[in-house]
Amino acid sequence: LNELGSESAKIKAMGIMDKLSTDKTVKVLNILEKNIQDGSKLSTLLNHNNDTEDEERLWRDLIMERVTKSADACLTAINIMTSPNMPKAVYIEDVIERVIQYTKFHLQNTLYPQYDPVYRVDPHGGGVLSSKAKRAKCSTHKQRVIVMLYNKVCDIVSSLSELLEIQLLTDTTILQVVSSMGITPFFVENVSELQLCAIKLVTAVSTF
């Protein structure tokens, strides 16, 4: 899926995606939806108190692998839909909804807590620190896999703005996109790249 995401970006840049068979492209999109769904609701921040450190790390690696795979599926689907001169059949509402659902969930439950400690929930139910205290204790070190996921999600948000310029979405979907991806990033610290993508997204919506 990672390779498919990279190749689909190249084909999009070459402007030849529309040369592919529409039926086969639609089949690929339906398969991609299943892969997006696989990681769309997986929490990467669960704390298994009974597990050893090694078990916790193995569990987390497995979850992150599935979440990253789903991000690649999202990018591939969006690359297909935002390629030039694509037929109407490729704008499958269920696939678009799944991409939005995935992005919204992992922004709120994976990336925001990693980049801004104010969004973290204490799994042990301890005392709540103030925003300043939480941010003061935050380490700037990020796991490579988290940085990779963050970059992929930024690409997804940016590509969604392209999709909005091509395909008219329902009012409900647009409101969901604007609230979760267009506005919320500006209340989160340390996500400047995502904020730039959010500006692009809001601008695309405002052109309707």
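The shortest distance between side-chain heavy atoms of Met17 and Ser8 falls below 4.5 Å. Side-chain contact between Thr68 and Val145: present, with at least one pair of heavy atoms (C-beta onward) separated by less than 4.5 Å. Residues Tyr91 and Ile166 meet the side-chain proximity criterion, which asks for heavy atoms closer than 4.5 Å. Taking the side chain as every heavy atom from C-beta outward, Thr82 and Leu160 never approach each other to under 4.5 Å. Looking at heavy atoms from C-beta onward, Thr184 lies out of side-chain contact with Leu107 at the 4.5 angstrom threshold. Phe105 places none of its side-chain heavy atoms less than 4.5 Å from the side chain of Ser40. Side-chain contact between Tyr112 and Leu194: present, with at least one pair of heavy atoms (C-beta onward) separated by less than 4.5 Å. When side chains are defined from C-beta on, Met64 counts as touching Ile146, because their heavy atoms get closer than 4.5 Å.
Once rounded to the nearest 0.5 Å, the distance linking CD1 of Ile156 with OG of Ser161 reads 12.5 Å. Here the straight-line distance linking atom CD1 of Ile100 with atom CG of Leu163 works out to 8.0 Å at 0.5 Å rounding. Going from atom NZ of Lys34 over to atom CD of Gln37 covers 5.5 Å, rounded to the nearest 0.5 Å. Here CG of Leu201 is found 12.5 Å from CG of Leu196. Values are rounded to the nearest 0.5 Å. Summarising the geometry, atom CG belonging to Leu20 is positioned 5.0 Å from atom OG1 belonging to Thr25; distances are rounded to the nearest 0.5 Å.
Without hydrogens or angle criteria, Gln195 side chain to Pro185 main chain gives a donor-acceptor distance under 3.5 Å. Listed for the Asn85 side chain is no donor-acceptor partner under 3.5 Å among the backbone atoms of Asp18. Between the side chain of Asn190 and the backbone N or O of Tyr115 there is at least one donor-acceptor pair closer than 3.5 Å. The backbone N or O of Pro113 lies less than 3.5 Å from a partner atom in the side chain of Arg120, making a donor-acceptor pair.
Leu4 and Ile16 fall within the same hydrophobic cluster, defined by Ile, Leu, Val, Met, Phe, Trp and Tyr side-chain heavy atoms under 4.5 Å apart, directly or through other members. No path of Ile, Leu, Val, Met, Phe, Trp and Tyr side chains, each step under 4.5 Å between heavy atoms, connects Ile36 with Ile31, placing them in separate hydrophobic clusters. Note on Ile183: it clusters hydrophobically with Leu164, by side-chain heavy-atom contacts below 4.5 Å among ILVMFWY residues. Hydrophobic clustering places Met86 together with Met14 (ILVMFWY residues linked when any side-chain heavy atoms are closer than 4.5 Å, directly or through intermediates). Cluster annotation: Leu1 is connected to Val67 through the hydrophobic network of ILVMFWY side chains, with a link wherever side-chain heavy atoms come within less than 4.5 Å.
The residues Glu162 and Lys12 are annotated as salt-bridged, a charged nitrogen and a carboxylate oxygen being separated by less than 4.0 angstrom.
Of all heavy-atom pairs spanning Ser70 and Gly39, the tightest one is OG-N, 2.9 Å. The shortest heavy-atom contact between Pro87 and Thr22 is CG-OG1, 3.5 Å. Taking every heavy atom of both residues into account, Ile63 and Ser43 meet most closely at CG2-O, 3.7 Å. The two residues Asn35 and Ala73 make their nearest non-hydrogen contact at CB-CB, 3.9 Å. Residues Cys197 and Cys154 come closest through the heavy atom pair SG-O, 3.4 Å. Residues Gln101 and Lys41 share a closest heavy-atom pair of NE2-CE, 3.9 Å.
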Full working for side chain to side chain contact (heavy atoms under 4.5 Å, CB included) between Ile199 and Phe186: CA-CA 9 Å; Ile199 290 172; Phe186 295 102; 3.5 Å; yes
Verdict with supporting geometry, Leu149 and Thr110, side chain to side chain contact (heavy atoms under 4.5 Å, CB included): CA-CA 9 Å; Leu149 180 63; Thr110 303; 3.8 Å; yes
Residues Thr173, Thr170; criterion side chain to side chain donor-acceptor pair (under 3.5 Å); working and verdict: CA-CA 5 Å; Thr173 302; Thr170 64; 2.7 Å; yes
Residue pair Asn2, Lys152: steps toward the side chain to side chain contact (heavy atoms under 4.5 Å, CB included) verdict: CA-CA 10 Å; Asn2 185 29; Lys152 288 179 189 292; 3.6 Å; yes
Trace of the side chain to side chain contact (heavy atoms under 4.5 Å, CB included) decision for Lys200 with Val157: CA-CA 9 Å; Lys200 186 178 176 184; Val157 173; over 6 Å; no
Verdict with reasoning, Ser180 to Gln108, per side chain to side chain donor-acceptor pair (under 3.5 Å): CA-CA 8 Å; Ser180 63; Gln108 293 174 345; 5.8 Å; no
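With respect to Glu33, the side chain to side chain contact (heavy atoms under 4.5 Å, CB included) criterion is satisfied by exactly one of Asp94, Val28, Asp38: Asp94. When Ile78, Leu29, Leu169 are each tested for a side chain to side chain contact (heavy atoms under 4.5 Å, CB included) with Ile96, only one passes: Leu169.
Atom CG of Asp61 has more than 12 neighbouring heavy atoms from other residues, nucleotides or ligands inside a 6.0 Å radius.
Tyr150 and Glu193 are linked by a side-chain donor-acceptor pair at a separation below 3.5 angstrom, with hydrogens and angles left out of the test.
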